Amino acid sequence: MRGITLLLALLLLIPPVGAYSVPERGVVYQVMVDRFYDGNESNNGPFYDPTHTNYRLYWGGDIEGLIEKLDYIRSLGVSMIWVSPLNDNINKMAAGSAPYHGYWTRDYKRIEEHFGTWEDFRRLVEEARKRGICIVVDYVPNHSNPATDGEFGALYDNGTFVTDYYRDIKNATVNPYTGLKENIYHHNGNIFAWEGIPLKYSNLFGLADFNQLNPWVDSYLTEGALLFADSGACGFRIDAVKHMELGWLESFYLRLYSRGPLFIYGEYYALSPEKTDDLYELYRYSNVSPLLNIPIREDIIRTLGFVGSLEALSKTLEEYYSHFVYPNKQLNFLDSHDLVRFLNAARRKDAVERFHMALALTMTLPGIPVIYYGDESYLVSRDGKGDPYNRPMMVFDNTTEAARIIRTLAGLRKTNDALAFGDFKTLYANYSVWAFERTFGSHKLLVVMNKGSPVGLTLSIDWPDRRYEDALYGGEMVVSNGRTTLELPHNSFYVFHIEGEQKEPLIGSLTPYAAQPGQKVLIGGAGFGSSGRVLVGGVEARVLSWSPIEILIEVPELKTESAWVDVVVERGGRTSAPAKLRYYSGNDVPALVVVNATNITGQLWIKGDIPELAEPRPMLRSSTGYYFTVAPLPNGTAFSVELYAGSPWGELEPINVTLYGFVNSTVVLLSDEPPKQPVQPGETKSRGQSENWPLYAGMAALLLVLLAVWKRKRG
Ligand code: NOJ
Ligand code: CA
Ligand code: CA
């Protein structure tokens, strides 16, 4: 009997397969599979360099090697591993390089033979799970492989050849609304301007650019990703999101979320936090899923690795974070496979000390930290260069000071919710000293650093009078009457913390924060007790599991026209402050939405009467006299939109034109309301019920738009 009780107790401690945990309480470890560890020498060729000197060839790392090193990774205290793309890549060299990095896919349903098999992947997931770690897969739906070299965009569907870039062009046509040439791929040359249409509809560095609105491509890319989700991946890092329509990504993510509360984050490449149109787009994308905090990384490296004011950095970061709905779910990183590593970029004698400070900062700012493989062992690039030299073979050493910092702060993140969910407030900053506080209910954090000469810092701080010990070095802080004086040596970094009992329900995050009815959302927070109710947009949600810090719910169906709805937790007569959920109606299809607007110039936006269109969407102006965008829209639904003019960051001005649409894969917005007809579940209605409706309504829409623009120009 005692044996059975013990077994049951042990089983309760092991999370069940498919159990998700709140990403903000974890740390991501980024691995480039080929450069990590060779667990199977029989899969190393071809294009293999056993000497590890040619950075453009395979070096032998594989999934089996990663499995062998899971205990090492666990020793760093991290809870997620982001693996470089695992899909089958081309079998030829292109541009003088083998696809060792994994970003040149040919088959989205197979695993690259240099890395292993689906069975290896499932074993990786299982072995990682036993160690409390889950696997996030890098997935590349923007492009396949180089269009003009290697295998020329060759594409396979689980081993069956589908097409390549040159065969595809024979069947390509010009879309009358976008003016763009497309079939399976886009055929609009390479990206020549880093904005507008080329950004999304041309080849990124010559890589064959997918036409995600082609129904075959749409299903193929979705099925490929679902294979990973169904094999136990807990999330995805989506490559190059900036080069795809947000509207397609939304519908893609929604389909992936049908498998559970996956953690999906995107790579939106924007190097600066300046308030440009590009940064505005980054925030718009982050309203749908989290992103890597690429824009602030350079400022952190410069300020700590070279020269610069911590006060200026504090202001930049506060401003940057203030525009996110969920700043704590975006991802911070110092090093990556695309950028020069800190230790190579730093121009200082005390670079290693500064690296420790930068690492600790990355792990204490709002956002989920990403540790690039080898950060813990001071791995550096050959000749100090970036891609591909920032991808050397891994050196395993978890006994370093860097490893200790990572382990300590990863440990603290699991127990201190101010790290996971806290706000962000600078208490003091000058050129070389910075103190910021983060609070989440009864959990608090005070981070204090000094990169200059030793100094004493007196702070006013609203913490209970007592002595506190810093998590990293055992530094001391005594608070008395709301004041403290700290002695800060040169290059010091302290993390003080409080973990009080949270009595009232408090929501820290939703995973994912975008979902449709019937999908599971994981609520992270504190003070939830052992039972209660969750309301989503005022409607009670089905509760699937409940613990004091995590609740799993199913999103109910709502009658709303809003993009964001409130989620609250009720427990023992207390109601939490609301958290925001980006709500989708369900049964959404990625639709090309078109406005006929021959004589309008400038930036046009639409905003409509369904949740998917409740936030203004900017439209692109085609060469054929239309404006267009892609939006996920509930299939078979009639809706209306208002038109607006204006630029990102500015006020949008209504143009006072209402247009109507009926959801199909292409929706031309027209000025007549389409006749409403009840839609049977699963049925797709065609746009117009009357044969001539589109034609007359199209002419009327054009007249209305022209009239409105004429009036605006005159008035
Ligand atoms: C961004 C990835 O991080 C980079 O390494 C890759 O080469 C490009 N996207 C293209 O896939
Ligand atoms: Ca190998
Ligand atoms: Ca693209």
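Since the structure is predicted, the reported quantities are computational estimates derived from the model, not experimental observations. Start at 1 and go down the list; that is how both ligands and their atoms are numbered. Positions are given from 1, in the same order as the sequence printed here.
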Give, for atom CE of Met32 and atom CG of Asp138, the distance between the pair rounded to the nearest 0.5 Å.
8.0 Å

Contact residues of ligand 1, where a non-hydrogen atom lies under 4.0 Å away
Tyr103, His143, Arg237, Asp239, Glu267, His337, Asp338, Arg391

All salt bridge (Lys or Arg N to Asp or Glu O under 4.0 Å) counterparts of Asp299, not counting sequence neighbours
Arg302

Mind listing the protein N/O/S atoms less than 3.0 Å away from the Ca ion (ligand 2)? Waters don't count.
Asp38 OD1, Asn40 O, Asn43 OD1, Asn44 OD1, Gly60 O, Asp62 OD2

In terms of side-chain heavy atoms, does Glu112 have a donor or acceptor partner in Asn89 at a distance below 3.5 Å?
no

Can you find a side-chain donor-acceptor pair between Asp168 and His187 that sits under 3.5 Å?
yes

Before we go on, tell me: are the rings of Phe396 and Phe36 under 6.0 Å apart, centre to centre?
yes

Is the shortest distance from a Lys or Arg side-chain nitrogen in Lys242 or Glu281 to a carboxylate oxygen in the other one below 4.0 Å?
no

Main-chain N/O of Leu339 paired to Asn390 side chain as donor or acceptor, under 3.5 Å:
yes

Which protein N, O or S atoms lie under 3.0 Å from the Ca ion (ligand 3)?
Asn142 OD1, Lys200 O, Asp209 OD1, Asp209 OD2, His243 O

Just checking Phe236 against Tyr253, ring centres under 6.0 Å apart?
no

Nearest 0.5 Å, what's the CZ-OH distance between Phe252 and Tyr257?
10.0 Å

Tell me whether the count of non-hydrogen atoms from other residues, nucleotides or ligands lying under 6.0 Å of CD in Glu113 goes above 12.
yes

Drop me the distance from Asn142's CG to Trp248's CH2, to the nearest 0.5 angstrom.
9.0 Å

Could you tell me whether the side chains of Asn171 and Asn183 share a donor-acceptor contact shorter than 3.5 Å?
no

Are Phe121 and Phe115, when compared by the centres of their aromatic rings, separated by less than 6.0 Å?
no

